[in-house]
There are 2 protein chains.
Amino acid sequence: MATRNAAQKRSQAKIEYNAFLAVCPSRRLLDRISDKWVVLVLCALGGDGAGSAGRPASMRYSELARLIAGVSQKMLTQTLRSLERDGLITRTVTPTVPVTVEYELTELGVSLYTTTRQLRMWAQEHMNDVDRHREEYDADS
Amino acid sequence: MATRNAAQKRSQAKIEYNAFLAVCPSRRLLDRISDKWVVLVLCALGGDGAGSAGRPASMRYSELARLIAGVSQKMLTQTLRSLERDGLITRTVTPTVPVTVEYELTELGVSLYTTTRQLRMWAQEHMNDVDRHREEYDADS
DNA sequence: CGGAATCCTAACCGATACTG
DNA sequence: CAGTATCGGTTAGGATTCCG
């Protein structure tokens, strides 16, 4: 039993992931990427911040902090670490003085970015629709 | 000043929404839809739960609770209310005994569903990739 | 059946201070 | 510059009970 490692377990069967099941690993993954900071960081690194130029670019820590208004150091660092661990972004340290740290989307990160980008665009495009519905809803109280 | 209502404010200018700005309404909207329960409810009502049949369908409260494993009454009700308020779903009460309540995506809801569906699919499809990166990352500790 | 209301605790998260 | 560490408040969110 103890001789079987995680990689072997994974390859032993073609698992059918189902995010609706609470116990399914993909559900926990969905929980993680359904996070506002994750979405905003991916959008930033995807290039959404550069006047809709929209090409993935590497960004420094301070650039990200400036672009993503309202994020605390803690949450930004925490989010970046988890994204790095999951293989969605790379972290490159250049030992200048002071140190320079660049973050960049990996190929895997870009594949998720294409979706988070739509999420951000949807929010911006349908803001008025949602607002109108809210007023309507709040009126019939 | 006090005579100008929200609707007039909205129509007075074509606002350029930018979700990166903390003060922007679209940012708050993005924060809301970047929520796991929102994503799961939209996916459920979009038809993702029906063996990938994938056609939007109306569902009862108890059906949703059963499909979305692990959600509490409180969070499910809370999420459904906010989605209804935002105009993404409709809530229909049929006064049978006991009462029957059906939830269904609106047109606006369907437009967001197309994106949340991709989010859920991404999680399921890339689960193995992410797991592999995590093991690798945790190994160099 | 489909909630509402209450209580309560875990976690998230922001603010602050310190470091290489 | 790019973090880490700690503390404390807010809130998400679970469990339970009751209701139309």
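Naming convention: chains lettered A, B, ... in sequence-line order (proteins, then strands); numbering from 1 in each chain.
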What is the distance, to the nearest angstrom, from the [atom1] atom on [X] to the [atom2] atom on [N]?
{"X": "Ile68(B)", "N": "dG2(C)", "atom1": "CD1", "atom2": "P", "result": "14 Å"}
{"X": "Arg81(B)", "N": "dA5(C)", "atom1": "CZ", "atom2": "P", "result": "11 Å"}
{"X": "Leu76(B)", "N": "dC1(C)", "atom1": "CG", "atom2": "C1'", "result": "13 Å"}
{"X": "Arg91(A)", "N": "dA2(D)", "atom1": "CZ", "atom2": "P", "result": "10 Å"}
{"X": "Leu64(A)", "N": "dC1(D)", "atom1": "CG", "atom2": "C1'", "result": "13 Å"}

field: Side chain to side chain, Met127(A) and Tyr17(B), heavy atoms closer than 4.5 Å
entry: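 The answer is yes, as the side chains (C-beta and beyond) meet within the 4.5 Å cut-off.
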- prompt: Do Asp138(A) and Arg134(A) meet the salt-bridge criterion of a basic N to acidic O distance under 4.0 Å?
  reply: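 No, Arg134(A) and Asp138(A) are not salt-bridged.
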[X] [atom1] to [Y] [atom2] distance, which is reported to the nearest 0.5 Å:
{"X": "Asp129(B)", "Y": "Leu108(A)", "atom1": "CG", "atom2": "CG", "result": "5.5 Å"}
{"X": "Ile68(A)", "Y": "Phe20(B)", "atom1": "CD1", "atom2": "CZ", "result": "6.5 Å"}
{"X": "Gln78(B)", "Y": "Trp37(B)", "atom1": "CD", "atom2": "CH2", "result": "11.5 Å"}
{"X": "Asp35(B)", "Y": "Thr116(B)", "atom1": "CG", "atom2": "OG1", "result": "11.5 Å"}
{"X": "Ser34(B)", "Y": "Ile33(A)", "atom1": "OG", "atom2": "CD1", "result": "10.5 Å"}
{"X": "Arg120(A)", "Y": "Thr115(B)", "atom1": "CZ", "atom2": "OG1", "result": "12.5 Å"}

Can a side chain N or O of [X] be found less than 4.0 Å away from OP1 or OP2 on [N]?
{"X": "Ser62(B)", "N": "dG2(C)", "result": "yes"}
{"X": "Tyr103(B)", "N": "dG3(C)", "result": "yes"}
{"X": "Arg60(A)", "N": "dC1(D)", "result": "no"}

query: Where along residues 24-32 of chain A does a heavy atom fall under 4.0 Å from DNA chain C?
result: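 Contacts with DNA chain C under 4.0 Å: none.
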- line: Protein heavy-atom contacts under 4.0 Å, written 5' to 3' over nucleotides 13-20 of chain C as B (base), S (sugar-phosphate only) or - (none), form the string BB-BB---
message: Ignoring hydrogens and geometry beyond distance, is a side-chain donor-acceptor pair present between Glu102(B) and Ser58(B) at under 3.5 Å?
response: yes
- line: One would report the end-axis bend of the helix from dC1(C)-dG20(D) to dG20(C)-dC1(D), five pairs per end and rounded to 10 degrees, as 50°
- request: Could you go through the side chain to side chain contact (heavy atoms under 4.5 Å, CB included) check for Arg117(B) and Asp48(B) one step at a time?
  value: CA-CA 8 Å; Arg117(B) 179 167 193 269; Asp48(B) 286 7; 3.3 Å; yes
- request: For Trp122(A) and Leu29(B), work out which heavy atoms get closest and say how close.
  value: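 In this case the closest contact between Trp122(A) and Leu29(B) is CZ3-CD2, 4.1 Å.
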